[in-house]
Number of protein chains: 2
Amino acid sequence: MTKQALRRRDRVNAILQSAIAAFRRHGYHGTSLEQIADRLLMTKGSLYYYFKDKEEILYAAHDRALDAVLAELDRARRRGDCPCEQLEGLLAAFIRIMVEGFHGTALALEFGALSPRRLRRVVEKRDRFERGVRDLIQRGAARGCLRPVDPKLAGMALLGAINWIARWYRPDGPAGPEEVAPIFLDLFLGGLAPREASWSLEASRMRRVAAPPASRARDARTGGRQA
Amino acid sequence: MTKQALRRRDRVNAILQSAIAAFRRHGYHGTSLEQIADRLLMTKGSLYYYFKDKEEILYAAHDRALDAVLAELDRARRRGDCPCEQLEGLLAAFIRIMVEGFHGTALALEFGALSPRRLRRVVEKRDRFERGVRDLIQRGAARGCLRPVDPKLAGMALLGAINWIARWYRPDGPAGPEEVAPIFLDLFLGGLAPREASWSLEASRMRRVAAPPASRARDARTGGRQA
DNA sequence: GGCGAATTTGACTAATGGGTTGAATTTTAA
DNA sequence: TTAAAATTCAACCCATTAGTCAAATTCGCC
């Protein structure tokens, strides 16, 4: 890769990073190109050397983020043959992407401002990912390593919980990626009800018998909070 | 209540409903006051008879939605003395609010555009609600009717899954409020792992033994999808 | 019907911000 | 060293939109 191409790639990355941060805070329409440029010590005009227009920045952000999670979907599928493990790995990677880099945060961005053509492409990729998650849930249920739950609603619940991370996670908070992922997975897989209680959907209306007093509740160390 | 006050209340409600719908689709800054007014066969100027400025509309939307869920928090607390039941009731009500009315959808709205004074009040109410949820989780764990999980992260996961509903739920979809709430609660409480599998956080890295083939996976009927 | 208050209007403004352009500056390669 | 290519910049245009206000209209009530 030539020196110029390298520089260009870094420049594009920096612009996207700045734009995503601003979009998340002020929304797409609430962010001016000057704001994006200022943070990079550039001027608005320079942005147009790298992107055709503002909308293309939003599209690029979405597209990259979706590529990242779709790559994780592929990788998860190639791993161990147990669907529940594949799902676990995928969700862990998804959480990591969401927490670590700026890539994931774009997934929680609004995309109503995209042109119909670009919107179609974004939605198509997003749907591919969601279908992949649902597929793993379904295959896990068929194999017996996961409970038989509604795949669509369960998938939306999982993705919602993860996508929402972008709204509250702060890098300077006490919880890093290594903490969030296992705790979330523990919750997703184990649920809130204790294993001792014979809990089931059918019995959910019945009063559950309290299990023996739990071991000391582990102390909560969690992330910062959005202002 | 006088006839005029009644009319005024209805008018304010209609404006909020229109505004929330528009904000959700185009974002706060992407929504013009004319758009809000047009849908009500009004003109922009009329809106200023009911609201001081655009930001006050956003604030009112948030404030009402928060009052609605805080009322449910109070109600849940007054109910049965088992924290897990209180939590279950609260989450069910929260889901219902989110799915049914336009109120809940305001909870998923951006609030970065609020003035510091109003932002403070919104955040204060939101935090009160989140603390309430965490408190129930913690008390449930102490009592043994819930697993001992990280209260903060578990709370954020639950609220994230529910808040995200505003992004995908469509009233004209096949799933109504009566379906979403029990399925979500089933997932929250029971988790994905089958009861037979001896699953735990510590063992989560171990390969889980597949349980006997599950009963036929129930068919999925779920809501529509955002464009 | 008609009076006064409540409500709506639409034209106006001031400011913002997306997008354009061509010249200036820097970098690259020969 | 130099010319071409790559990159940045500042000034400009123009459409959009939040907010204002005095006039017009409707409404509740006698």
Side-chain angles (χ1 to χ4, degrees), chain A residues 1-61 109-115 118, chain B residues 1-23 25-61 109-119:
Chain A
M1 185 181 279
T2 116
K3 206 168 183 178
Q4 287 168 11
L6 212 66
R7 177 191 166 80
R8 185 182 183 86
R9 199 196 53 182
D10 288 349
R11 222 69 179 130
V12 166
N13 283 343
I15 292 172
L16 283 179
Q17 190 153 15
S18 172
I20 290 174
F23 289 164
R24 197 183 53 208
R25 190 146 33 199
H26 308 291
Y28 174 73
H29 293 284
T31 300
S32 74
L33 289 169
E34 305 226 40
Q35 282 174 46
I36 297 173
D38 277 354
R39 170 178 330 209
L40 303 169
L41 305 179
M42 289 202 229
T43 59
K44 179 178 56 164
S46 303
L47 298 183
Y48 284 88
Y49 181 72
Y50 297 97
F51 292 95
K52 193 180 125 289
D53 53 21
K54 188 183 179 185
E55 191 207 305
E56 194 178 77
I57 299 179
L58 181 64
Y59 173 72
L109 248 44
E110 44 183 337
F111 45 68
L114 291 175
S115 70
R118 285 181 176 144
Chain B
M1 185 182 278
T2 118
K3 205 167 181 178
Q4 284 168 9
L6 212 68
R7 176 191 167 82
R8 185 182 183 88
R9 200 196 53 182
D10 288 349
R11 222 69 175 130
V12 167
N13 282 343
I15 293 172
L16 283 179
Q17 189 154 12
S18 172
I20 291 173
F23 289 164
R25 189 146 32 198
H26 309 291
Y28 173 74
H29 293 285
T31 300
S32 74
L33 290 170
E34 305 227 39
Q35 284 173 48
I36 297 173
D38 279 352
R39 174 178 327 210
L40 303 169
L41 304 178
M42 289 198 198
T43 59
K44 178 179 56 164
S46 304
L47 298 182
Y48 284 88
Y49 182 71
Y50 297 97
F51 292 94
K52 194 180 124 290
D53 52 21
K54 187 182 179 184
E55 190 208 305
E56 195 179 74
I57 299 178
L58 181 65
Y59 173 70
L109 248 42
E110 44 184 337
F111 46 69
L114 291 174
S115 71
R117 170 189 233 90
R118 286 181 175 142
L119 180 60

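Order of the sequence lines fixes the chain letters, A, B, ..., with proteins taken first and strands second; residue numbering starts at 1 for each chain.
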Requested in this report: Ignoring hydrogens and angles, tell me if any N or O in the side chain of B:Thr31 forms a donor-acceptor pair with the backbone of B:His26 under 3.5 Å.
Outcome: no

Requested in this report: Measure from OH on A:Tyr49 to P on D:dA6 and round the result to the nearest Å.
Outcome: 6 Å

Query - Residue mapping more 5' on DNA chain C - nearest nucleotide basis, B:Lys44 or B:Arg7 - result: B:Arg7

Query raised in the report: Taking atom C1' of C:dT8 as reference, at what distance in whole Å does atom CD of B:Gln4 sit?
Result: 14 Å

Report task. Check whether any side-chain heavy atom of B:Arg39 sits under 4.5 Å from a side-chain heavy atom of B:Gln35, and report yes or no. Result -> no

Query raised in the report: Want to settle it: does B:Thr2 or B:Lys52 sit nearer the 5' end of DNA chain D, counting the closest nucleotide to each?
Result: B:Lys52

Query raised in the report: CD of B:Glu110 to CZ of A:Phe23: how many Å apart, nearest 0.5 Å?
Result: 12.5 Å

Report summary line: Between CZ of A:Arg8 and P of D:dT8 the distance, given in whole Å, is 10 Å

**Report entry** Touch class at under 4.0 angstrom, heavy-atom based, for B:Ser46 against every strand present
**Finding:** base

Report task. Rounded off to whole Å, could you give me the CD-to-P distance for the B:Glu34 and C:dA11 pair? Result -> 11 Å

Requested in this report: Take the protein atom CG of B:Asp38 and the nucleotide atom P of D:dT17, then report the distance between them rounded to whole Å.
Outcome: 11 Å

Query raised in the report: In whole angstrom, what separates A:Lys54's NZ from C:dT20's C1'?
Result: 17 Å

Report summary line: The residue, A:Met42 or B:Gly30, whose nearest nucleotide of DNA chain D is more 5′ is A:Met42

Query - Gap between atoms CG and C1', on B:Leu6 and D:dG28 respectively (whole Å) - result: 14 Å

Report task. Could you tell me the separation between the OH atom of B:Tyr50 and the P atom of D:dA18, rounded to a whole number of Å? Result -> 19 Å

Query raised in the report: Reckon A:Thr43 touches a base, only the sugar-phosphate, or nothing at all at heavy-atom distances under 4.0 Å?
Result: base

Query raised in the report: Does NZ or CZ of B:Lys54 come closer than 6.0 Å to the centre of the six-membered ring of B:Tyr28, within 45° of the ring's axis?
Result: yes

